[in-house]
Participant: 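This is the structure I want to talk about, given as structure tokens.
When a ligand or atom number is given, it counts from 1 through the structure's own listing order. Side-chain atoms are counted along with the backbone in the values below, which use heavy atoms only and exclude waters and symmetry mates.
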Amino acid sequence: MRALEETGPRPTATPCGCMKPDLETGNLLTEPVGYLESCFSAKNGTPRQPSICSYSRACLRIRKRIFNNPEHSLMGLEQFSHVWILFVFHKNGHLSCKAKVQPPRLNGAKTGVFSTRSPHRPNAIGLTLAKLEKVEGGAIYLSGIDMIHGTPVLDIKPYIAEYDSPQNVMEPLADFNLQNNQHTPNTVSQSDSKTDSCDQRQLSGCDEPQPHHSTKKKPKCPEDRTSEENYLTHSDTAKIQQAFPMHREIAADFGLESRCDQSSSMAEEQIGPYCPEKSFSEKGTDKKLERVEGAAVLQGSRAETQPMAPHCPAGRADGAPRSVVPAWVTEAPVATLEVRFTPHAEMDLGQLSSQDVGQASFKYFQSAEEAKHAIEAVLSADPRSVYRRKLCQDRLFYFTVDIAHVTCWFGDGFAEVLRIKPASEPVHMTGPVGSLVSLG
Ligand SMILES: C[S@@+](CC[C@H](N)C(=O)[O-])C[C@H]1O[C@@H](n2cnc3c(N)ncnc32)[C@H](O)[C@@H]1O
């Protein structure tokens, strides 16, 4: 096969030497269809994957600049329970040019950027499977998101299990040579000393220092990495991990994990042998939740999702695996944490949700309970960087979710919320000017 680079269209250059955006060359000049209004105002404390926190909410309004009648573009979308959101990691600071990254799951070892969910990639494009809560006019309301406020969204596509999940492939899969496909730890160069400055920056988290809002114990760490570095998967609740560690991790990777608010019995149910769709009622409309139809088992250095439901309509009776992930993805090095709230923090939360005069109320959460669940979910997945976890253990950790500015600390196996104060105003939307994102 001849490489496209040899034969394909050549990018055209403008007199100044810049690449001219051109559909044929792939040098797209994108224009966001909208900017996300998210309950997370900064990277710190934002879940590493959408499955971490089902209460994480966002709204996306389609811009009139894209469609005169934004609601037309959303017609029919309300019939789907989940949507893919394609977005730009606009707070990366710069585009990444590094072929290898160091995901926390590899404890400092490198692997190819395309085998990770790192935000630091050549085109800084993120992909999140979110739950579609509702469509209202030209806006969609989402939950289970891992993007920050102001994220430029490039596209929305419906999640269709039949197309998007190998679990649902209807025809027999072509022979899949697992031996040849094996991604062994050998492919990961633990001692590759050629970590360049960009990699180092990413590793050290110096791309974009996070603000600290307290004068108390202000971290002096050279870096204060955000949850983004732990980008591959997350570990969920201790209970569930103990019961079904692999299942949970893999489900999370595929965005199919049961949400943090669901009980472990629900999780068991999800990976159980029978896979009828679970319906839930929402505003009078019955929507369908996708089910995790397979369980993951480790084989050598890979984990495979295997069918457990021979009578599932889309199942394969021969027991052949449909999707494979390397073991380093599924072997969580980070323990799930117990989350505690001090009485003071509990009191803060109560005050935050009260309707006192002058007191802002939650914008995304429907109650203090929901806010608490969200905070628990974020912290139980340990949002700290590896560096911070190892070298700055005694530092306070801050993050903002909705109107709650959370201060906590971490001890052995737990996170404790110390204070919850009203956050300052969430970031404002990026205006139309300067909203073009060039990927070319
Ligand atoms: C590891 S990425 C995964 C995103 C997506 N699910 C994916 O796989 O492409 C999630 C992290 O990206 C960071 N993040 C979210 N929105 C961002 C944005 N607009 N710009 C830069 N980083 C962002 C947050 O730290 C979050 O924890």
Side-chain angles (χ1 to χ4, degrees), residues 30 32 34-54 56-58 60 82-96 101-106 111 113-131 142-157 159 164 201-202 205 207-211 223-235 251-257 325 329 334 374 377-379 381-386 388 397-401 426-427 429-430 435 437 439:
T30 64
Y35 293 88
L36 201 76
E37 293 165 42
S38 164
C39 63
F40 299 106
S41 60
K43 292 191 277 184
N44 221 28
T46 300
R48 295 184 294 270
Q49 284 300 329
S51 49
I52 286 183
C53 180
S54 63
S56 56
R57 295 219 174 88
L60 179 69
H82 290 77
V83 287
W84 293 111
I85 303 292
L86 280 137
F87 63 95
V88 178
F89 289 109
H90 75 307
K91 289 293 182 189
N92 275 0
H94 55 84
L95 287 176
S96 176
V101 294
Q102 294 166 294
R105 279 174 185 275
L106 285 173
T111 189
V113 63
F114 297 133
S115 71
T116 75
R117 305 300 288 265
S118 171
H120 301 279
R121 28 204 337 120
N123 286 315
I125 290 186
L127 176 68
T128 283
L129 183 63
K131 186 176 158 204
L142 307 167
S143 64
I145 49 104
D146 57 358
M147 299 95 94
I148 61 172
H149 194 76
T151 295
V153 172
L154 299 181
D155 208 350
I156 306 161
K157 296 183 191 220
Y159 172 74
D164 295 339
R201 260 204 310 280
Q202 182 176 334
D207 280 359
E208 200 193 5
Q210 294 297 304
E223 54 105 73
D224 181 12
R225 297 169 68 193
T226 67
S227 60
E228 77 187 51
E229 312 115 309
N230 302 320
Y231 36 74
L232 276 163
T233 56
H234 71 95
S235 40
D253 266 2
F254 288 97
L256 294 170
E257 188 169 7
V325 292
V329 173
V334 184
V378 164
L379 292 175
D382 197 344
R384 293 172 300 169
S385 65
V386 173
R388 208 185 151 110
F397 184 88
Y398 311 91
F399 69 100
T400 299
V401 57
V427 292
M429 294 284 101
T430 311
S435 64
V437 179
L439 296 176

Participant: Taking only residues two or more places apart in sequence or in another chain, which ones pass side-chain hydrogen bond (donor to acceptor under 3.5 Å, both in side chains) with Thr128?
Facilitator: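 Residues passing side-chain hydrogen bond (donor to acceptor under 3.5 Å, both in side chains) with Thr128: Asp146.
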Participant: Hey, what do you get for CG (Leu127) to CD1 (Ile85), rounding to the nearest 0.5 Å?
Facilitator: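 Here the rounded value is 9.5 Å.
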Participant: To the closest 0.5 Å, what do you measure between CZ (Arg57) and NZ (Lys131)?
Facilitator: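 Arg57 atom CZ to Lys131 atom NZ measures 8.0 Å (nearest 0.5 Å).
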Participant: Please work out, at 4.0 Å between heavy atoms, whether the side chain, the backbone, both, or neither of Pro47 comes within that distance of ligand 1.
Facilitator: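 Pro47 to ligand 1: backbone contact only, side chain stays beyond 4.0 Å.
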Participant: Determine whether a donor-acceptor pair (N or O, by modelled atom type, separation under 3.5 Å) exists between the side chain of Arg121 and the backbone of Thr116.
Facilitator: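 A pair under 3.5 Å: yes.
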Participant: Got a second to check how far Gln49's CD is from Leu129's CG, nearest 0.5 Å?
Facilitator: 10.0 Å
Participant: If we only consider heavy atoms of Leu129, is any one of them less than 4.0 Å away from an atom in ligand 1?
Facilitator: no
Participant: If you count the atoms of ligand 1 from 1 in the order shown, which ones are under 4.0 Å from a heavy atom of Asn92?
Facilitator: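 Per the distance check, 21 (C), 22 (N).
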Participant: Checking Phe87 now: which residues fulfil ring-ring contact (aromatic ring centres under 6.0 Å, His included) with it, not counting sequence neighbours?
Facilitator: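 ring-ring contact (aromatic ring centres under 6.0 Å, His included) check on Phe87 returns Phe89.
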Participant: Main chain of Ile145, side chain of Ser56: is a donor-acceptor contact present, judged purely on distance under 3.5 Å?
Facilitator: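 Indeed, once roles are kept as given, a pair shorter than 3.5 Å links the two residues.
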Participant: Would Pro152 count as a polar contact of ligand 1, with the cut-off being nitrogen or oxygen pairs under 3.5 Å?
Facilitator: no
Participant: Using a strict 4.0 Å cut-off to heavy atoms of Met147, name the atoms of ligand 1 that fall inside it.
Facilitator: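 Once the distances to Met147 are compared, the set is 15 (C), 16 (N).
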Participant: Provide the number and element of each atom of ligand 1 under 4.0 Å from a heavy atom of Arg48.
Facilitator: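 Near Arg48, the atoms of ligand 1 are 1 (C), 2 (S), 3 (C), 10 (C), 27 (O).
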Participant: For Gly126, counting its heavy atoms only, list the atoms of ligand 1 lying under 4.0 Å from any of them.
Facilitator: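 It comes down to these atoms of ligand 1: 9 (O).
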Participant: Run the numbers for me: atoms of ligand 1, each under 4.0 Å from some heavy atom of Gln49, listed by number.
Facilitator: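 Contacts of ligand 1 toward Gln49, numbered from 1: 3 (C), 6 (N), 8 (O).
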Participant: So if I count the atoms of ligand 1 from 1 in the order they appear, which ones are less than 4.0 Å from some heavy atom of Thr151?
Facilitator: 16 (N), 18 (C), 19 (N)
Participant: Please could you name the atoms of ligand 1 that Thr128 approaches to less than 4.0 Å, counting only its heavy atoms?
Facilitator: 5 (C), 6 (N)
Participant: Any side-chain to backbone donor/acceptor pair from Lys43 onto Lys91? Under 3.5 Å, distance only.
Facilitator: yes
Participant: With a cut-off of 4.0 Å, which atoms of ligand 1 are near a heavy atom of Val88?
Facilitator: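 Counting from 1, the qualifying ligand atoms are 19 (N).
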